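Notes follow once the structure below has been shown.
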Number of protein chains: 2
Amino acid sequence: MTLTDLRYLVALARERHFGHAAERCNVSQPTLSVAIKKLEDELAVTLFERSAADVKITDIGARIVAQAEKVLLEAGQIKELATAGRDPLSGPLKLGVIYTIGPYLLPHLIPRVHAAAPSMPLLIQENYTARLAESLKRGDLDVIVVALPFEEPGIVTQAVYDEPFRVLMPAGHAWEDDDTIPAARLADAPLLLLGAGNCFRDQVLEVCPLCRGGEGLQRTLEGSSLETIRHMVATGAGITVLPSSAADPLPGGNSLLTVRPFDAPEPFRRIALAWRVTYPRSGAIDVIRAAILGSPLQGVRPVSR
Amino acid sequence: MTLTDLRYLVALARERHFGHAAERCNVSQPTLSVAIKKLEDELAVTLFERSAADVKITDIGARIVAQAEKVLLEAGQIKELATAGRDPLSGPLKLGVIYTIGPYLLPHLIPRVHAAAPSMPLLIQENYTARLAESLKRGDLDVIVVALPFEEPGIVTQAVYDEPFRVLMPAGHAWEDDDTIPAARLADAPLLLLGAGNCFRDQVLEVCPLCRGGEGLQRTLEGSSLETIRHMVATGAGITVLPSSAADPLPGGNSLLTVRPFDAPEPFRRIALAWRVTYPRSGAIDVIRAAILGSPLQGVRPVSR
DNA sequence: GAGGATGTATAGTTAATCACTATTGCTAAC
DNA sequence: GTTAGCAATAGTGATTAACTATACATCCTC
């Protein structure tokens with residue numbers, strides 16, 4: 001029993017004439033005749049009473065035809081689903097973002113994606129890189145925004161932008177007079193740091209390796225966020241290093257804080273998109289990339305593809 | 001897209017492994033692989049993300065799989081319908097009976113058919129032979145009970161029983177002393193007859209052809225029934241000829257009426273079943289025949305097949 | 001980083017199926 | 001009896017679907 005057979009069956013039930021039904025199906029009369037006979041044999045049921053005068057459907061035949069129509073209808077739905085699903089910008093996209101980007105990127109990203117792909121709602125998860133990677137590989141996420149380096153089997157990455165680091169200090173701090181800050185100076189500063197698991201923490205520690213072994217004045221704030229740290233800096237609890245998108249004052253920004261860049265060469269992190277190499281909706285990824293680059297993130301430099 | 005393809009699709013969605021899915025479908029891995037690829041090409045949609053680690057279904061793939069399961073379910077219903085419809089004794093049987101048999105046969109027939117084929121309800125129509133024949137050919141009826149001769153193209157008949165004619169007269173009638181009645185005597189009797197269209201009327205007239213031309217004492221009662229005529233005979237309005245099943249007194253019968261057979265050779269009618277030669281439920285016809293022969297119809301003689 | 005293990009895709013071949021044309025067979029109507 | 005209409009069958013060719021064998025890709029291990 002094939003869908004073609006069922007189409008022949010329904011056509012014959014409608015036309016009550018093998019020749020006409022065959023014509024409607026664009027096949028020859030014997031083709032349809034044989035197919036119906038095959039169906040009857042397979043089902044071990046007489047579907048039609050054939051006579052010279054006309055073709056009559058049996059009671060059981062009528063019931064089976066009704067069911068066949070239902071099958072064909074449902075099968076047609078598959079094609080419709082496929083047509084709808086062919087557009088990579090249709091259907092939800094599961095996006096993961098690391099904690100140190102989400103709060104600064106998402107408010108800009110979401111409306112831009114919505115404008116570019118109105119029928120692609122974003123399902124967003126913020127998490128650590130490791131968790132995002134796991135979800136991405138499991139298929140719980142489709143695309144993630146992470147900092148490089150990021151190497152995972154089966155995952156491809158695409159750099160999107162570079163983002164310099166900044167030193168954040170309370171307004172009136174002694175370093176405020178300097179236009180730029182040397183990284184080495186941080187070694188003995190009361191540096192506020194994110195907890196383990198945040199990639200940004202490690203990147204900051206790389207900027208001033210001395211701190212690591214030094215067990216100096218740094219304080220690790222487990223379970224905290226960049227925003228919390230910023231508030232703590234404002235209250236004079238210490239200084240910190242932030243990515244520029246989180247640090248640079250927006251118009252009408254915080255007057256309790258002072259931001260200074262590092263001495264050249266500025267330390268920076270490279271932010272990238274990552275997805276399974278097998279992920280088919282590359283068009284959706286392009287939209288995400290464009291929306292990120294279209295977002296007004298302070299201090300970031302796009303990375304050409 | 002075939003039902004087989006959909007089965008492969010569903011299996012792969014369940015197993016998430018080409019080899020295992022193929023095994024479950026009793027085909028080789030390449031067979032399933034090619035089929036899925038063909039489906040994806042046809043629908044122009046990526047249904048699965050394949051990687052060395054595992055097989056992931058895409059969002060659109062999951063939706064299509066759900067629809068495919070629906071299709072397969074509905075298709076399975078066809079087989080179930082066929083299985084149920086394979087029994088000729090399942091499903092209603094549309095039975096036609098001529099007016100001069102119905103009232104005497106049906107009260108016996110219906111419970112017997114119900115006992116022999118409980119899931120074959122009878123849809124019964126009483127009518128003239130010509131109307132029954134038309135309905136039978138149109139397919140509005142499946143089997144009819146008529147008197148022979150009955151010849152129609154595409155229709156087969158099977159004699160079931162012979163039924164002698166009887167003379168019915170009011171109790172106390174002059175002929176009551178005779179054990180049998182010669183047919184010729186009816187020529188000048190006040191014979192009550194059914195209206196035109198009733199085959200039994202013509203059969204009675206054949207018994208005594210003289211009446212036809214004679215325009216004697218006969219009265220034709222249009223739109224009447226044998227039962228009405230019987231009542232009229234009881235009131236002394238005349239005499240009549242009835243088939244034995246309608247005439248012979250049942251235990252506790254009507255004491256106002258006297259029934260006499262004809263002189264030998266008794267005139268009789270032959271009752272038969274008729275159906276379209278293409279009608280597939282011969283088993284149902286056998287049940288009807290057996291139920292008729294099992295009915296206690298007075299005076300009838302079964303006709304062996 | 002080379003080699004092995006796992007798993008999917010491809011190549012090449014064979015068998016089955018499907019659809020065609022031509023023809024037969026059947027029924028009913030003229 | 002003949003003819004017309006229509007479905008069934010025969011026979012053939014093309015397409016499809018299945019197989020086995022093998023290539024290819026990826027990841028993991030040593």
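Quick note on labels: first sequence line is chain A, next is B, and so on, each numbered from 1. All of these numbers come straight from a predicted model, not from anything done at the bench.
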Letter per nucleotide, 5' to 3', of nucleotides 15-22 of chain C [B base touched, S only sugar-phosphate touched, - untouched; heavy atoms, 4.0 Å]: ---SSBBB
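- Scanning both residues, A:Ala159 and A:Ala272, for their nearest heavy atoms gives CA-CB, 3.7 Å.
- If you measure from atom CD of B:Glu40 to atom C1' of C:dA9, you get 12 Å, rounded to the nearest angstrom.
- Scanning both residues, A:Leu109 and A:Ile288, for their nearest heavy atoms gives CD1-O, 3.9 Å.
- At whole-Å resolution of the value, CD in B:Glu23 and P in C:dG7 are 12 Å apart.
- Rounded to a whole Å, the NZ atom of A:Lys37 is 15 Å from the C1' atom of C:dG25.
- In this structure, the NE2 atom of B:His17 is 16 Å from the P atom of C:dA5, given to the nearest Å.
- Atom CD of B:Glu151 and atom P of C:dT27 are 15 Å apart (whole Å).
- Distance, A:Phe48 CZ to D:dA8 P: 11 Å, rounded to whole Å.
- Nucleotide C:dT6 holds its P atom 11 Å from the NE2 atom of B:His20, rounded to whole Å.
- Side chains of B:Arg269 and B:Thr100: a donor on one and an acceptor on the other come within 3.5 Å.
- Listed nucleotides C:dA29, C:dG7, D:dA7 differ in distance to A:Phe18; the shortest reach to its side chain belongs to D:dA7.
- Atom pair A:Glu49:CD and D:dA8:C1' shows a separation of 17 Å (rounding to whole Å applied).
- Shown here is A:Arg24, whose CZ atom has no more than 12 heavy atoms of other residues, nucleotides or ligands within 6.0 Å.
- Look at A:Arg50 and you won't find any side-chain N or O under 4.0 angstrom from OP1 or OP2 of D:dC6.
- Under the ring-ring contact (aromatic ring centres under 6.0 Å, His included) criterion, A:Tyr128 pairs with A:Tyr99, not counting sequence neighbours.
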Pair A:Asp162-A:Arg270, salt bridge (Lys or Arg N to Asp or Glu O under 4.0 Å): steps then yes or no: CA-CA 4 Å; A:Asp162 289 337; A:Arg270 177 159 285 183; 2.7 Å; yes
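- Partner of A:Trp275 under the side-chain contact (heavy atoms from CB on, under 4.5 Å) criterion, chosen from A:Asp142, A:Ile144, A:Ile285: A:Ile285.
- Where B:Arg16 and B:Glu152 meet DNA chain C, the nucleotide closest to each residue was compared, and B:Arg16 sits on the side nearer the 5' end.
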